[in-house]
Protein chains: 2
Amino acid sequence: MNRERPYRQALENIQNAGLRPTRQRMALAKLLFDGNDRHVTAEILHREADDSNVKISLATVYNALHQFTDAGLLREIVVDPGRSYFDTNISEHYHIFNEDSRQLLDIALDQIGLTRLPAISADQEINRIDVIVRVKNLI
Amino acid sequence: MNRERPYRQALENIQNAGLRPTRQRMALAKLLFDGNDRHVTAEILHREADDSNVKISLATVYNALHQFTDAGLLREIVVDPGRSYFDTNISEHYHIFNEDSRQLLDIALDQIGLTRLPAISADQEINRIDVIVRVKNLI
DNA sequence: GTGTTTGCAAAGTGTTTGCAATTTA
DNA sequence: TAAATTGCAAACACTTTGCAAACAC
């Protein structure tokens with residue numbers, strides 16, 4: 001593994017998004033685009049930045065998450081009333097959400113199998129289809 | 001049509017939920033359980049009560065919506081960050097959400113066709129599966 | 001009467017915004 | 001140095017809470 005990979009990946013993503021590679025955005029991008037599929041809230045990401053000794057204000061984290069989302073680098077998932085999650089996996093897939101731990105995980109398309117699309121009125125188009133399997137812990 | 005039907009329906013629902021049929025709850029239940037499938041936010045329901053000249057505080061609307069939900073009379077749908085919808089259709093079904101108008105509609109099960117359930121770890125159980133078809137207006 | 005419910009206003013949570021100071025190109 | 005970005009604090013939208021007054025049984 002090349003130890004410069006995270007840096008290059010982050011820089012590339014930020015520049016492709018037409019954004020300036022500031023210290024803050026680079027730090028956040030390195031945390032987000034580390035190669036794994038991640039699901040973060042603004043608060044989680046802010047704390048992670050803090051933990052890695054990068055001082056970033058929460059407002060900047062929100063800004064960056066939205067800018068990355070607008071650029072197609074992230075996808076916003078609505079599962080929890082009053083809390084937004086951002087997913088680094090932007091390919092088509094579904095989610096499993098644990099209502100106890102509030103943890104969000106990906107499910108591959110073939111784990112669900114949607115056979116039909118609903119009829120949509122002529123003046124609308126399907127933006128996307130969210131499938132959220134809500135689970136609870138037993139006991 | 002029996003004009004006493006809405007009253008009896010509301011009373012029955014409230015009493016089955018183990019709640020006292022107060023003026024406020026009766027008014028809200030009549031608005032909600034009118035025989036149609038409804039999707040309301042607290043704010044919408046509050047305004048409807050107001051429009052029908054029943055003075056109810058917003059806090060009471062929130063209380064009632066949660067009490068009805070706990071009693072299984074309503075189902076809460078998370079589609080919009082920072083806004084909760086409540087659905088009077090408690091049978092298994094899916095939703096279509098218009099991101100422009102923020103209107104939420106039901107879709108019957110057979111309009112989608114879920115063929116597979118995902119594997120769940122042994123210490124969890126599926127609570128429910130939410131399918132939300134997100135549409136936008138063309139043009 | 002006793003316990004429940006209501007309504008208000010205050011507090012809470014997550015998010016957005018205005019703007020001066022800072023940083024980037 | 002011109003434009004973009006940051007960070008703070010204030011504002012925001014929605015929801016919940018504490019508690020005295022009102023109500024249901």
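The structure presented is a predicted model; accordingly, all values stated were derived computationally and were not measured. Every chain is numbered from 1, with letters handed out A, B, ... down the list of sequences.
A close approach under 4.0 Å does not occur between any side-chain nitrogen or oxygen of A/R20 and OP1 or OP2 of D/dT5. Of the side-chain N and O atoms in B/Q24, one or more sit less than 4.0 angstrom from OP1 or OP2 of C/dG7. When the side-chain nitrogen and oxygen atoms of A/R25 are compared with OP1 and OP2 of C/dT24, none of them lie within a distance under 4.0 Å. Contact annotation: A/R23 side-chain N/O to D/dG7 OP1/OP2 distance is under 4.0 Å. Contact check, B/Q67 against C/dT5: no side-chain N or O comes under 4.0 Å of OP1 or OP2.
What separates CG of A/L58 from C1' of C/dT13 is a distance of 12 Å, to the nearest Å. Between B/L19 atom CG and C/dT6 atom P there is a gap of 9 Å when expressed in whole angstrom units. Between A/Y85 atom OH and C/dT15 atom C1' the separation is 15 Å, expressed in whole Å. Computed from coordinates, the B/L65 CG to D/dT16 C1' distance equals 13 Å when rounded to whole Å. Taking atom CD on A/E43 and atom P on C/dT13, their separation rounds to 10 Å, with Å as the unit. As rounded to whole Å, 15 Å separates atom C1' of D/dC23 from atom CD1 of B/I56. B/Q15 has its CD atom 12 Å from the P atom of C/dT5, to the nearest Å. When rounded to the nearest whole Å, the span between NE2 of B/H46 and C1' of D/dC14 equals 14 Å.
The pairing partner recorded for C/dA25 is D/dT1, the criterion being a Watson-Crick or G-U wobble arrangement whose two distances lie under 3.5 angstrom. Using Watson-Crick or G-U wobble geometry with both donor-acceptor distances under 3.5 Å, D/dA22 finds its partner in C/dT4.
Formation of a donor-acceptor pair under 3.5 Å by the A/H46 side chain with backbone atoms of A/I56 is found in this model. Judged purely by atom type and a 3.5 angstrom limit, B/R128 has no side-chain atom pairing as donor or acceptor with the backbone of A/R134.
Summary of the strand contacts: B/N63 and A/K55 both lie near DNA chain D, and taking for each the nucleotide with the nearest heavy atom, the more 5' one is attributed to A/K55. Nearer the 5' end of DNA chain D, as judged by each residue's closest nucleotide, is the contact made by A/A64, out of B/F86 and A/A64.
Using a 4.0 Å heavy-atom cutoff across all strands shown, B/P81 reaches no nucleic acid atom at all. At the heavy-atom level, A/S84 lies under 4.0 Å from the strands shown only through sugar-phosphate atoms.
Among the nucleotides D/dT15, C/dT5, C/dG7, the one closest to the side chain of B/T22 is C/dT5. Listed nucleotides C/dG7, C/dT16, D/dT15 differ in distance to A/Y62; the shortest reach to its side chain belongs to C/dT16. Here the nucleotide nearest the side chain of B/A59, chosen from C/dT15, D/dT17, C/dT6, is D/dT17. Listed nucleotides: D/dT6, C/dT6, D/dT16. Nearest to the side chain of B/H66: D/dT16.
For the residue pair B/D106/B/H39, the side-chain donor-acceptor check at 3.5 Å is satisfied. A donor atom on one side chain and an acceptor atom on the other are not found under 3.5 Å apart for A/D37 and A/H93.
In summary, of the residues considered (B/D87, B/D70, B/D130), a salt bridge (charged side-chain N to carboxylate O under 4.0 Å, His left out) with B/R75 occurs for B/D130 alone.
You'll find the side chain of B/V133 stays beyond 4.5 Å of the side chain of A/L117, heavy atoms only.
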